[in-house]
Amino acid sequence: MRHGRTRSVDSDILVVGAGPAGLAAAIEASEHGATVSIVDENARPGGQLLKQTHRFFGSERHQAGTRGIDIGSRLVATARDRNVDLILDTPVIGIFNGLVVAVNDNRHFLSTRPRRIILATGAAENAISFPGWSLPGVITAGAAQTFVNVHRIRVGENIVVVGSGNVGLIVAYQLMQAGSNVVAIVEAMGQVGGWGVHAAKIRRMGIPILTRHTITEAAGDTHVEQITVHEVDDRLNRLPGSEKALEADTVCLAVGMSPRSHLAEMADCAFTDVPELGGTIPIHNAIMQTSIRSIYCAGDVSGVEEASTAIEEGRLAGLGAAFSLDLVESDLYERRAAICMKALDDLRSGPFGQQRKTGKDAVLREYDEYYKNR
Amino acid sequence: MNTTRTDDCQGIRKSGVLSKEELENCKGMPSEERLKRGPIAVIECSEEIPCNPCEANCPRDAIDIGGVITAPPHLLEQKCVGCGLCISRCPGLAITVVDLTGERSDKVSLPYEFCPLPEVGEIVHAMNRTGKIVCDAEVLTVKNEERNDRTAIVTLLVPNGYGMEVRFFARSGRRRN
Amino acid sequence: MSREQVRTEVAVIGAGIIGVSAAFFLRELGRDVVLVERGGIGEESSGKNAGSMPLQVKKGPLIALCRGGIMTWREMDQDFGGLGFVQSGGLRVAETRQELETLRQQADARNKLGADISILTKQETRSIAPYLSTAIHGVAYCPWDSHCDALTGTQSIARAAMQRGVEIVEHSPVMRLEQTTTGHVNVITEKTLFRCNKVLLAAGAWTRQLALSLAVDIPTDIWIKQMLVTARSERIIKHMLTHTRGNLTLKQVECGSVLIGGGWIGDEARGISRTRFSSILGNVQLAARIVPDLKRLEIVRTWVGTDCRTSDGLPIIGSLSGKEGVYVAVACVGGYAAGPYVGKLVAQTMSNGISEQPLEPFSLSRFHVNGCSRVKPARKPRPAEKKSA
Amino acid sequence: MTAAFDKRITDHPILGPLDTTEQCTIFVDSKPLIARLGEPILAALMANDIWITRFTKKLGAPRGLFCGIGLCNDCLVFVDGLGCVRSCVTAVEEDMSIETRTNEKRRF
């Protein structure tokens, strides 16, 4: 509760969040001569890239085939090269009428009124509840990834993963790499959620993917000792008598993410609900500008996708913010924006990207509506 | 737990395992004639996902994706010599190189990202696409070169007829007698 | 769209602390009661306040109401529980000699009205409250001062009322009120028409708008104020703390969190209330000056609540003259403590025509001359920055 | 936990061998334990087979790791000099004194 100013931040642009979107935004904006600071609550920059030990998809532009951890270190190195001011261990606690307030590691308030704000605050994992879900041993997939790949702690010996989206499949694989045994992946839908290549990788290791199953209980005294799963019908009703017991000490929940949009909400950004993108997100235009003209958003906070799209959105936001400060020539701005938009379209094409593309289009329409009605 | 489920033959979306038909229709699969002629890449990638490092990294331009990044890779089997460079480039670890020309055994080179790595000469349990142990295999080579960026390439010797079936292995702790 | 018609003896509008208590006591008095709420139970002022109930800061006729309130809170907590009621006794701190003198004068006046305040010197203060800053000159101690849990208080009373047979209809805004020629009052929501013999308007700051359909002006307005809560901690603060200047309330609730308030104002933009950073800062600085140990704690949450204000700081309770069967009960700043008792008194009046305490000082007619409001709406609050000066 | 297993991932196919050169001693409920310098308190606890960070006040239910990134507040512990902290995002320091709330006598 101490207060007082320990350091001043007087950059043109303040980016909140040092994940892929925030770093890309800062790099892009600084390339055009803007002074940029990034504030992040964590001790290390990189966001979720810090725990992505797998190779990324996409094209050469997205460093496809490179591991997420390495993409993260490259982004951080580039940002440092460009003199981006990285303010770590400093959670932003609020935006009050354009005044951004953070608390840095010495528990001192740090407040600044930047000319542009880029919100790249990411997403938070969803949970599902069932009897025993609060027992130690029930953790989110992200927690498993963080502890296994960043802190190098094995989170359990025999693990059940709930959810077969890409996150569930990738985390199951990484748990196996860390020497744990994945007992099964449980999926309530009738088919695997994530990409076939990830699923195939899991299956050939002998891990079953129990589609049309749901977890119904985690039992144990002070830690998970046994899991019960049930088969479900099309409407997710349990089939009586279908329960199976699985011997496991850990459950990883990989059941989707929701945008962390509190700061956008505090800043009075207008919102829309897009289930395809994880829920309520600030409306924004194609260059990621929100309904508050000085605030941009990028990455999962503007709709949950993945790191490659977050990087492209970050570039757009950084470019847009720099352009609005008259730091970019129009034709350069348009050229670069077009490249990013084309890349985003590519990443959102195909049957898996289509839904997200539809969601993003809905956000753009909402944005147009919003300005028409004002 | 029995890992083989009745829906295993229902295809990649339902089970996570490519069905026989899906494998046959997959553009990354070499023809039987080509398989008989020597080592070649087998790309088990059937879905439209945004990805093209296999195409970008093939030194012989033997993999074609085309203008749309989500198109599945097309193996140009006449150009591929089975060099195996693509194995570690595939983010989905969906590529193996098989050589079915051996007199007594087939060779399968597959990506392996676990430690400790097996030793040359070790006997392992060879597993198929559903994780079922189908035969014993002998580790022929283990390559963990820097250019493969921590994805080791393990080449297994499996009995004839298993080259297109074996896709993973588990350590058995045994060695060749 | 045709509305479902429902007959009831009494309708109460507004499920805040006064509305749920009135419904509870009306039911205890044998009445048939429907409680209609535009949102959820206790979602506005009654759920967003900090649960402070310092009797010693009240003046005039409010003292008796507040004493009754604290006794009612205690009885209800013993009866059905869940209110988080703690009669910790309260200390009102003086940071200067002049402030201590002010406290002395106020104590003399308020004790005549039953406030039971005693003044403690610096040494006496240190012996009962060593956690206070050594710079404190003295305190006024009042054994009545209490606090409760605003998150659960109104909810628990509502639950008890339901168990006793009160019907609560949530998420049903009342569109208008009508007096019928047969002497009934119609309470009209989107889906339902409640035909009742008597209606109680207990919609807090929104009562003014509600009463417009009856052509009555109830001069209240809204004050947006903010509060903070710290992470849990070992026991530091043992009393309900207030400040002579009126800009601080501090208490440590049972779970270990410290709630910090004192009427610091928040912002409002486009109908949405927001916390104001300068108010957070000022409130925190003041709290840490009074209880230095608080410097160690983390603020985990800040939020804004609303207060219904009247220009003279007193609640408005009683029947509306010329409007047969229509009653009103709205509190004022700091009215949460008195809330259940206000509900009890108005229930008695509605049911029996008389209450255990006279309600004349709180009559709406004090604002009205010939049916017209004769006072301006309450003045705007002073900017918070000045308060801490 | 049902069976003992190695909590520290000493070797990893992608991340390589674990660097344990910088260690420190922390005191958890007065017991000295070895931690890797700079790792979060919770990682140190788990490495030493402590999975419960606290019991809830109302029901006495155990809590431990859940979100791992400081959002859920399930893993709160009490640290001398710092107070109540989220153990998954607070780094250990030499001689740090940590109280897990397995001791229910402590009233939080």
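Every chain is numbered from 1 and lettered A, B, ... according to where its sequence line falls, protein lines coming before strand lines. These values consider heavy atoms only, across backbone and side chains, with no hydrogens, waters or symmetry-generated copies.
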Of the listed residues (B:M127, B:R89, B:E44), which shares the most heavy-atom pairs with chain A below a 4.5 Å separation?
B:M127
Does some side-chain heavy atom of A:S349 sit less than 4.5 Å from a side-chain heavy atom of B:T70?
yes
Residue selection (most heavy-atom pairs with chain A, distance under 4.5 Å) from B:A56, B:C54, B:P111, B:S88:
B:S88
B:F168 to A:M205 - nearest heavy-atom pair and separation
CE2-CG, 3.3 Å
B:E113 versus A:Y173, closest heavy-atom pair with distance
OE1-OH, 2.8 Å
Pair B:T151, A:R55: side-chain N/O donor-acceptor within cut-off below 3.5 Å
yes
Do other residues, nucleotides or ligands put more than 12 heavy atoms under 6.0 Å from A:E60 CD?
no
Tell me whether the count of non-hydrogen atoms from other residues, nucleotides or ligands lying under 6.0 Å of CZ in B:R174 goes above 12.
yes
Who are the ring-ring contact (aromatic ring centres under 6.0 Å, His included) partners of B:H125, not counting sequence neighbours?
none
Could you please state which residues from residues 24-34 of chain B sit under 4.5 angstrom from chain A, measuring non-hydrogen atom to non-hydrogen atom, sorted by number, or 'none'?
none
SG of B:C51 to CG of A:L347, rounded to nearest 0.5 Å, is 10.5 Å
Among the listed options B:V68, B:L18, B:V17, B:N52, the residue most often paired with chain A at heavy-atom distances under 4.5 Å
B:N52
Side chain, backbone, both or neither: which part of A:M189 has a heavy atom under 4.5 Å from chain B?
neither
Determine all donor-acceptor pairs shorter than 3.5 Å in which one atom belongs to a side chain in residues 91-103 of chain B; sequence neighbours excluded.
| residue | atom | partner | partner atom | Å |
| --- | --- | --- | --- | --- |
| B:D99 | OD1 | B:T101 | N | 3.0 |
| B:D99 | OD1 | B:T101 | OG1 | 2.5 |

Quick check on B:R167 against chain A: is it the side chain, the backbone, both or neither that has a heavy atom closer than 4.5 Å?
both
Sort by residue number and list every residue of residues 152-165 of chain B having at least one heavy atom under 4.5 Å from chain A.
none
Between the side chains of B:R13 and A:T211, does any donor sit under 3.5 Å from an acceptor?
no
With distance as the sole test, does A:R203 use its side chain to make a donor-acceptor pair with the main-chain N or O of B:I12 at under 3.5 Å?
no
Go through the atoms of B:D149 and report whether side chain, backbone, both or neither lie under 4.5 Å from a heavy atom of chain A.
both
If you look at every heavy atom in A:A64 and B:P53, which pair is closest and at what distance?
CB-CG, 3.6 Å
Counting only heavy atoms closer than 4.5 Å, note whether B:E55 contacts chain A via side chain, backbone, both or neither.
neither
